[in-house]
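Worksheet: one structure, shown below.
Side chains included, hydrogens not; waters and symmetry mates left out as well; all remaining heavy atoms used.
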Amino acid sequence: MSRSTMVKCFASIALIAIAGAVYRSVQADDDAQVAAKAKVPKQELRDFMHKKLEASNKILEGLVLEDTDLIKQGATVLSEMSAAEKWRVSNDAMYQQFSQEFQRTAAKLVEAAKEKNLDRAALRWMDTTMSCIECHRFVRNELVVGQ
């Protein structure tokens with residue numbers, strides 16, 4: 001593994017650790033409030049988001065092991081999930097923009113994995129993770145607290 005790839009993998013690990021901590025720290029309250037507004041049962045939304053986290057872990061594992069098949073599997077799951085109806089928990093214009101950005105970055109991640117380009121996959125993974133974090137922040141601060 002090259003030094004630059006290792007650095008990118010460690011950066012990805014740090015991002016996923018931060019994302020996981022943020023997600024777990026607010027998951028229960030956010031899920032309950034967002035689920036109520038979206039008319040989705042709380043446990044169903046929680047299970048859906050947990051599957052998203054499992055797919056994210058698969059991507060991270062693939063990056064660390066330089067296994068583009070694992071990256072592609074996880075990225076494909078994220079991409080498919082982002083198109084699911086359960087994903088659309090709000091009609092808010094900003095939320096829709098965050099959702100579309102996540103879909104774009106997840107598709108680029110799938111593409112990078114198919115091309116077996118680990119460096120580009122690592123960068124697309126960071127983009128996807130940041131998109132996820134920014135959307136969760138928006139949902140917490142604007143859609144949940146702001147109303």
Quiz item: Just wondering, more than 12 heavy atoms not from Glu54 lying within 6.0 Å of its CD?
Solution: yes
Quiz item: For atom NZ of Lys108, is the number of surrounding heavy atoms from other residues, nucleotides or ligands below 6.0 Å larger than 12?
Solution: no
Self-check item: Positive for salt bridge (charged side-chain N to carboxylate O under 4.0 Å, His left out) with Glu111, one of Lys72, Arg120, Arg104
Solution: Arg120
Distance from [X] atom [atom1] to [Y] atom [atom2], nearest 0.5 Å?
X      : Y      : atom1 : atom2 : result
Lys58  : Asp67  : NZ    : CG    : 10.0 Å
Phe138 : Gln97  : CZ    : CD    : 9.5 Å
Leu123 : Thr128 : CG    : OG1   : 10.5 Å

Exercise. Could you check Leu60, Thr76, Leu109, Asn117 and say which one makes a side chain to side chain contact (heavy atoms under 4.5 Å, CB included) with Ile71?
Key: Leu109
Quiz prompt | By side-chain hydrogen bond (donor to acceptor under 3.5 Å, both in side chains) - contacts of Lys114 (at least two apart) | solution = none
Self-check item: Stepwise side-chain hydrogen bond (donor to acceptor under 3.5 Å, both in side chains) test for Gln73 and Asp69
Solution: CA-CA 6 Å; Gln73 288 171 17; Asp69 289 334; over 6 Å; no
Quiz item: Can Asp47 and Gln43 be counted as having a side-chain donor-acceptor contact under 3.5 angstrom?
Solution: yes
Exercise. For the residue pair Phe98 and Asp92, establish whether any side-chain heavy-atom pair is separated by less than 4.5 Å.
Key: no
Quiz prompt | Close side-chain approach of Val77 to Met81, heavy-atom, < 4.5 Å | solution = yes
Practice problem: Determine yes or no for a side-chain-to-main-chain donor-acceptor pair under 3.5 angstrom, with Ser79 supplying the side chain and Ala75 the backbone. | Solution: no
Self-check item: Main-chain N/O of Glu101 paired to Thr105 side chain as donor or acceptor, under 3.5 Å
Solution: yes
Practice problem: Mind checking salt bridge (charged side-chain N to carboxylate O under 4.0 Å, His left out) for Arg137 and listing every partner two or more places apart, or none if nothing turns up? | Solution: none
Quiz item: Taking all non-hydrogen atoms of both residues, which atom of Lys52 and which atom of Cys132 are closest, and how far apart?
Solution: NZ-SG, 3.1 Å
